[in-house]
Amino acid sequence: MCSKPFRHFPMPDLLTSDTSRREFMRTLSLGAGASLLGASALASPLDWLAPERKLGVALVGLGNYSTGQLAPALQQTKYCQLAGVVTGSPAKAAQWQKQYGIPAKNCYDYQTFDRIIDNPAIDIVYVVLPNALHAEYVVRAAQAGKHVICEKPMATSVADARRMIAAMQKAGKKFSVGYRLHFEPHNQAMMRLGQTQAYGKITHLAADNGFRFGSGGTPWRLNKKLSGGGPLMDMGIYCLQGCLYTKGQVPVSVTAKFTPETGTGIFKEVEAGLNWQLRFADGSVADCRTSYTENVSRLRAETANGWFELEPAFGYGGLAGRTSKNDGLLNLPNINQQAAQLDDFAQCVLLNKPTRVPGEMGLRDVQLLEAIYRAAETGQSAATTDVVQLIDRVKP
Ligand code: NAD
């Protein structure tokens, strides 16, 4: 399955080996291929010059997100496909082999994972484990010479995030965080409207994201050692991201307050909810709220000349937006976000392009998450001027 061709274009002779094809793609991405192929090919080189096979992705951790979202998305991707799995459950491995036609040689458990170094069918390792395990598996994947996508939050400490980036840099491979909304039309439009100041300067932002943690909730999310924290790590990170990419700036400070436990008795190690306020250099603020006791999903910007907002803003589908001008600029289609994210990363690998959601952005967010917790614990404003100054910029 992994070497199945997906296009029927004859490949030029010089591109018949994997290495020469990739080298050619690399040259193309650097612009030197322009005279060879003509300008139109450069607009979308992969559509013109298809790879012989889709890049192979191995999912590490076959829990809810891999099962419900990533594996189905990998049936829709153009440039990559589900080629392997890493799981502690032999029964799951057998089921996935059958369901997705994955060869047994591409299935690993957590002990045999490092042998993936010898498997050319796996190009990309996608780490979809509980938060505290991300660092170990990203470092091991780097040592195996694979490109890596790591789920959010990238790590449970700044130290781990730096260690992951260093390992990926040493490996010389591409590294991104599973920030699917950077590839989603409504959230991309929020970035565009905010960063280009389409309705004037943003004076205030509001973002809420949470869900009611019922009996179906996965227990590791309530275990601080495995999760690194409660809804802030899980859901609040979308509020943080949304405010930064809409405003187009990294904040300078934050204040925060935990919301009280509501009598469920389940939030012993992690917070039940948290409210925080980001302050930007121009004096504007973003009021954010995350919770494991409420179903909320909203991102709103107030501007000099009006407002624009998404509600719901952060889910896998059904996103909807509106603006004060009723101009339809947020009437957009919902797409398969994970397929778009995965295909973008595959193109970054094939064309040697930088990803818009690199490990450094994951580090920036872990730095901000730590600052929010520090502010909530001390009751003091925490400065955030020393965090990585990185924004996913819209094209002018
Ligand atoms: P999950 O609990 O459903 O799956 C986790 C998987 O890890 C399970 O298969 C479990 O068996 C395995 N695992 C291995 N070692 C484990 C250990 N020591 N303890 C517990 N489980 C262990 O969780 P999930 O919802 O799939 O989340 C996984 C990751 O994906 C998290 O980092 C989460 O934040 C992220 N996630 C991202 C999105 C998104 O929209 N980008 C959505 C959901 C989850």
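Counting starts at 1 for both ligands and their atoms, following the listed order. Side chains are part of it too, since the values below use all heavy atoms of this structure and drop only hydrogens, waters and symmetry mates.
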For [atom], what is the closest protein heavy atom, and at what distance to 0.1 Å?
atom                    : answer
atom 32 (O) of ligand 1 : Asn131 OD1, 2.7 Å
atom 30 (O) of ligand 1 : Glu151 CG, 3.4 Å
atom 3 (O) of ligand 1  : Asn64 N, 2.7 Å
atom 28 (C) of ligand 1 : Val128 O, 3.4 Å
atom 40 (O) of ligand 1 : Arg180 NE, 2.6 Å
atom 34 (O) of ligand 1 : Lys152 O, 2.8 Å

Flag [X] as yes when one of its N or O atoms lies below 3.5 Å from any N or O atom of ligand 1, and as no otherwise.
X      : value
Gln338 : no
Gly63  : yes
Leu129 : yes

Any chance the side chains of [X] and [Y] put a donor and an acceptor closer than 3.5 Å?
X      : Y      : value
Tyr179 : Asn187 : no
Tyr292 : Asp234 : yes
Ser284 : Asp282 : yes
Asp160 : His134 : no

Next item on the list: Over 60° means perpendicular and under 30° means parallel, so classify the ring planes of Tyr65 and Tyr316, tilted if in between.
Entry: tilted
Next item on the list: May I ask you to check whether His147 and Phe175 place their ring centres under 6.0 Å from each other?
Entry: no
Item checked: Aromatic ring proximity, centroids under 6.0 angstrom, Tyr137 and Tyr110 -> yes
Which of the listed options, [options], holds the heavy atom that is closest to [atom]?
atom                    : options                       : value
atom 1 (P) of ligand 1  : Tyr137, Tyr65, Trp220         : Trp220
atom 13 (N) of ligand 1 : Pro130, Gly61, Ala155, Ser89  : Pro130
atom 44 (C) of ligand 1 : His134, Met154, Arg221, Lys92 : Arg221
atom 14 (C) of ligand 1 : Tyr110, Tyr238, Tyr179        : Tyr110

Notebook entry, point to check: Taking non-hydrogen atoms only, is Leu133 closer than 4.0 angstrom to ligand 1 via side chain, backbone, both or neither?
Noted result: side chain
Item checked: Which of the ligand 1 atoms, numbered from 1, are nearer than 4.0 Å to a heavy atom of Gly178 -> 41 (N)
Margin query: Please evaluate residues Met233 and Tyr373 with respect to the criterion side-chain contact (heavy atoms from CB on, under 4.5 Å), reporting the C-alpha separation (whole Å), side-chain torsions for both, the decisive distance (0.1 Å), and the verdict.
Written below: CA-CA 10 Å; Met233 300 295 276; Tyr373 278 128; 3.7 Å; yes
Next item on the list: Please answer whether the main-chain N or O of Arg180 pairs with a side-chain N or O of Gln337 as donor and acceptor at a distance below 3.5 Å.
Entry: no
Next item on the list: Give a yes or no on whether the backbone of Leu274 and the side-chain of Glu271 come within a donor-acceptor separation of less than 3.5 Å.
Entry: no
[X] near ligand 1 by a heavy-atom separation under 4.0 Å:
X      : value
Gly88  : no
Tyr316 : yes
Phe314 : no

Item checked: Shortest non-hydrogen separation from Lys152 to Asn131 and the atoms involved -> O-OD1, 3.9 Å
Margin query: Looking at every non-hydrogen atom in both residues, tell me the closest pair between His182 and Val357 and how far apart they are.
Written below: CG-CG1, 3.4 Å
Next item on the list: Considering only protein heavy atoms, determine whether one is less than 4.0 Å from atom 9 (O) of ligand 1.
Entry: yes
